[in-house]
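Have a look at the structure below before the remarks.
Just so it is clear: chains get the letters A, B, ... in the order the sequence lines come, proteins before strands, and each one is counted from 1.
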Amino acid sequence: MSKHHISTTINGEPVEFLCDTAQTLLDVLRDELGLTGSKEGCGSGDCGACSVLVEGRLVCACLVLAAEVDRCAVETIEGVAQGNALHPLQQVFLNEAALQCGICTPGIIVAAKALLEKNPDPDEEEIRFWLAGNLCRCTGYDKIVRAVQQAALVMRSA
Amino acid sequence: MGRYPAGSPGWRDKVTGQANYGADFSLPGMITGRVLRSPHAHARIVSIDTTEAGKLAGVRAVVTAADFPDLPSEVVAGGESPVNYRYISCNAIARDKVLYEGHAVAAVAAISAGVAEQALKLIRVEYEVLPHVIDVRDAMRDDAPLLHDNLYTEGVDPKPTKPSNIAKRTEFLLGDPAAGFAESEIILERSYTTQPVHQGYIEPHACVASVAADGMTTVWSSSQGQFMVREFCAKLLKIADSDIRVLPAEIGGGFGGKTTVYLEPLAIALSRKSGRPVKMVMSREEVFKASGPTSGGVLQVKLGARRDGTLVAAECELAYQAGAFPGSPAIPGCMTAFACYDIPNARTVGYDVVSNRPKCAAYRAPGAPMAAFAVESALDELALELGMDPVELRLKNAAKEGTRALYGPKMPVIGFVETLEAARAHAHYNTPLKANQGRGIASGFWFNIGGQSSAAVHINEDGTAEVVTGNPDIGGSRASMAIMAAEVLGIDYAKVKPLIGDTASVGYCFLTGGSRVTFATGKAVVEAANDVVQQLRARAAKIWKCEVDEVIWKDGVAHPAQGQTDTRTQLSLAEIAASAARTGGPISGKASLNVGGAGPGFGTHLCDVEVDPETGRVTVLRYTVIQDVGRAIHPGYVEGQMQGGAAQGIGWALNEEYVYDDQGRLQNSGFLDYRMPVASDLPMIDAVLVEVPNPAHPFGVRGVGEVPIVPPLAAVANAVARASGVRVNDLPISPPRLLAALMK
């Protein structure tokens, strides 16, 4: 069967690619487009390491077929920093040691950014439930939750 | 030590998605490897026919055990504990028998994942299915199905005449336990079980291997030690160490589980056969079925004490599941069980038992959490029976400097008492509880290790520096290395770039494990930086035309020694570096050491839970980790180790377990059903750093990474018992299990 020709926007830039029906968005991002910042931890939507935004909606890229993003806007971790300028979440995660191995970090930053765009002042419980789909095995989440709160503060005072 | 500045050197790539982990690396012409795995828990391989798979268009290589040397069974030093390369080889690819569901049988490399998976279906394996055994107690029975026909229990006299699933019996003895129990006024005896749990790193095992036409092999892989990967692959494939170069990828979590090889030897064999670079990545299901976990265990504890709480005698017998091949952490279990306490008469006996499960791998303080669960739970019951405060009971018996450990040595400078005192003084310990709530306390010990480590410090022309070591940075060691090098050199930490070299670009480093890196490799960094300081002084002496001992190095600047009264100006590191070409060439220091003197680590945890009597659900309300960390080089990452270890221990206590069906097939090989803690399961975790410096390290460092997973199992269980009035001695304390206990 011939491949699908998909036209999409990734991190604000027009991108075209060909994909098989069975390829996921994650497969295409990582294997075809070289955007390896989205990670595959499970391939079943349980770990959130491949969190991306499709049309502004937070999804696991491993659960979206690549063919589904035709004419959609996709945002990945690679689009979070503006050139060399880190997003406040990225800077605060580094400052506050809110990561260790870092494999979950791209997904958590994408997810947390989506939260802060929806609610600029979330409380601890809201952060914990919003990030419940993003597994981290290193940190115990304490510093992640605090970093999201602090980044929210930085962003509110900007 | 100056305060560490904001930011984490070498970690910026981790927040932008640019860091290269095991699966992120690609080479031109690279093809994909996939593994055929056993559907049976235990079977003899009658035949493997790969003809059809090999003929499929796009398949470039197929390998089976026949492509690997048939190694002798011998135990040699290596890894974190002695290793038997035959077992590692037979675990990487089954020879004659498959010993667990998921055991690798063959591997294929093809031009795409799709073709490789199609090829796996064309491999014909004829199995003779054998009876299997999963449970450790069943595996120890005389009539149990045997995994290995040539496995005879070590450590028993006389040597057994029949093979067994019990690979080894180990005993540690101090004093006279029988006499101790005879003089005890209270004796408490309990049984416990724990389930195997997976390390649960979010990054599945992944590597790329490329074998050139001349045989030179290059491996990019995510592991806890590039030198370990080199050593293991060289042994498994019988190639010279110098013919393999291993480049460390960023590691996406390990916790001990990446201290061995699974895919790398297969990828090398496939690359050798195909002439193409081969990438292999495990699926999450493969990670659960064919890597890790740590052992589950069956434990019995007996404590004898006086009415005043003085422990007089103690015994612990434990049997740990090794999985398919010998090598459970039964021995460290025996060694750590009573290490927190000064008990004159003690005995521990450990059994290393094979069964039809994946071969266990190291997991953070291997063997200690299960033993601590049993001992610290029993101590909690003893405290209740004696009507004593559980912290008081521990303080009364706490190991101190000079206490003889059951496993032999006397304790050096340690900070266990300090952690208990900090617990007693903490607001957490003194906050009232409500109905259905309970507070648990438990302590834990881990040896920590040193070992072989190398470091190089290079000074650049502009006065910046690189510090190169050979240990994957699993939780912030790059920052620790940069901070220590900057401190010795006397320059700004931002000017020191920490790098992790490949096996051909830095001296040998033992793997990242045993909580050793900031301690041991850190010590090599300090020595390499001291080497640089000596060279800087010599250059200054040359410029000043004086003797080296007339130059002092202070705050990154060469000064004339006191008493020298001439017009010499000071020389900064940057100035000396700029003129290096004229004063003798590059300035570069190195150190290669075998570091001893790792300071033992102790921790005490406080846990508040609330039990829902209607569902058996346990909610962790508050958690405090108190630990002697020696000296925290980067406090944020030290706290992170403590919080992360506690979270893993909470998962171990409440939810995580392997569930098998009656055919010996794993039923929960995904994150949905293997339930690790998520953000909404946990409270904030308060980390209290107690600092009792380790005299064997220039900055007082002791290992911190493993201790924090030792106390949580019992801290949680003790809290549940005090909240509900029902004690569950079998982990995990999942809602159905606790509910059943509450209904009794």
Side-chain angles (χ1 to χ4, degrees), chain A residues 20 22 27 30-31 34-49 76-78 80-81 86-87 89-91 93-107 109-110 124-125 127-146, chain B residues 6-8 11-21 23-26 114 199-204 250-255 281 283-285 474-476 479 623 634-637 639-648 650 670-672 676-687:
Chain A
D20 293 328
D27 292 336
R30 291 182 54 82
D31 302 338
L35 295 170
T36 55
S38 304
K39 306 301 180 188
E40 180 160 345
C42 66
S44 55
D46 297 312
C47 79
T76 71
I77 183 65
E78 285 88 351
V80 173
L86 294 180
H87 185 276
L89 275 163
Q90 293 172 312
Q91 191 59 57
F93 266 61
L94 285 176
N95 292 356
E96 301 303 315
L99 66 156
Q100 287 175 32
C101 82
I103 195 88
C104 71
T105 308
I109 285 176
V110 167
E124 182 192 337
E125 191 177 11
I127 295 170
R128 286 189 180 278
F129 276 87
W130 183 272
L131 294 179
N134 292 84
L135 286 176
C136 169
R137 192 61 157 171
C138 293
T139 64
Y141 305 102
D142 180 297
K143 290 185 190 302
I144 291 174
V145 174
R146 290 178 200 276
Chain B
S8 312
W11 277 25
R12 191 185 160 97
D13 283 357
K14 289 189 181 185
V15 299
T16 60
Q18 288 163 316
N20 265 293
Y21 293 84
D24 298 338
F25 186 77
S26 293
Q199 294 81 352
Y201 31 81
I202 309 300
E203 181 203 32
E250 199 66 54
I251 176 168
F255 315 108
V281 181
S283 68
R284 179 54 52 184
E285 183 182 359
I474 206 162
Y623 204 98
H634 187 300
Y637 292 142
E639 289 166 3
Q641 288 297 312
M642 293 159 65
Q643 293 163 333
Q648 287 184 318
I650 291 168
F671 282 141
L672 189 62
M676 307 196 318
V678 302
S680 53
D681 291 330
L682 296 173
M684 290 299 188
I685 297 171
D686 191 13

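Heavy atoms closer than 4.5 Å to chain B are found in the side chain of A:Phe93, but not in its backbone. Looking at A:Thr139, the atoms closer than 4.5 Å to chain B (heavy atoms on both sides) all sit in the backbone: N, CA, C or O. Only the side chain of A:Ile109 comes within contact range of chain B, with heavy atoms under 4.5 Å apart. Contacts between B:Tyr623 and chain A at a heavy-atom distance below 4.5 Å are absent for every atom of the residue. Both the backbone and the side chain of B:Glu203 come within less than 4.5 Å of a heavy atom in chain A. Residue contact with chain A, scored on non-hydrogen atoms closer than 4.5 Å, involves the backbone of B:Ile474 exclusively. Only the side chain of A:Glu124 comes within less than 4.5 Å of a heavy atom of chain B; its backbone N, CA, C and O stay farther away.
Looking at heavy atoms from C-beta onward, A:Gln100 lies in side-chain contact with B:Gln641 at the 4.5 angstrom threshold. Side-chain contact check for B:Lys14 versus A:Pro106: every heavy-atom pair is 4.5 Å or farther apart. In this structure, the side chains of B:Val15 and A:His87 stay at 4.5 Å or more apart for every pair of heavy atoms. Using a 4.5 Å heavy-atom cutoff, the side chains of B:Thr16 and A:Val80 are not in contact. B:Met684 has its side chain within reach of A:Arg146: a pair of non-hydrogen atoms, C-beta onward, lies under 4.5 Å apart. Taking 4.5 Å as the limit, some side-chain heavy atom of B:Met676 sits within range of a side-chain heavy atom of A:Leu135.
Distance CZ/B:Phe255 to SG/A:Cys138: 3.5 Å, rounded to 0.5 Å. A distance of 5.5 Å separates CG in B:Asn20 from OG1 in A:Thr36, rounded to the nearest 0.5 Å.
Salt bridge annotation for A:Arg30-B:Asp24: present, with a cationic side-chain nitrogen under 4.0 angstrom from a carboxylate oxygen.
Distance alone, capped at 3.5 Å, is enough to place a donor-acceptor pair between the A:Arg128 side chain and the B:Leu682 backbone. A distance-only check finds no donor-acceptor pair linking the side chain of A:Tyr141 to the backbone of B:Ala647 [under 3.5 Å]. Side-chain atoms of B:Gln643 never come within 3.5 Å of backbone atoms of A:Gly140 as a donor-acceptor pair (strictly under, hydrogens ignored).
In terms of heavy-atom proximity, B:Phe671 sits nearest to A:Asp46 at CB-CB, 3.6 Å. Across all their heavy atoms, A:Gly41 and B:Pro204 have their closest contact at O-CG, 4.0 Å. Heavy atoms only, all atoms of each residue included: A:Cys101 and B:Ile251 are closest at CB-O, 3.3 Å.
Per-residue counts of heavy-atom pairs under 4.5 Å with chain A were compared for B:Gly640, B:Gly253, B:Gly475, B:Gly254; the largest is that of B:Gly640. Most heavy-atom pairs under 4.5 Å with chain A, from the set B:Gln18, B:Glu285, B:Glu639, B:Glu250: that is B:Glu639. Interface summary for chain A: among B:Ala19, B:Gly476, B:Ala687, B:Pro677, the most heavy-atom pairs under 4.5 angstrom belong to B:Pro677.
Residues passing the ring pair (Phe, Tyr, Trp, His ring centres under 6.0 Å) test with A:Trp130, sequence neighbours excluded: none. Among residues two or more places apart in sequence or in another chain, the ring pair (Phe, Tyr, Trp, His ring centres under 6.0 Å) test is passed with B:Tyr21 by none.
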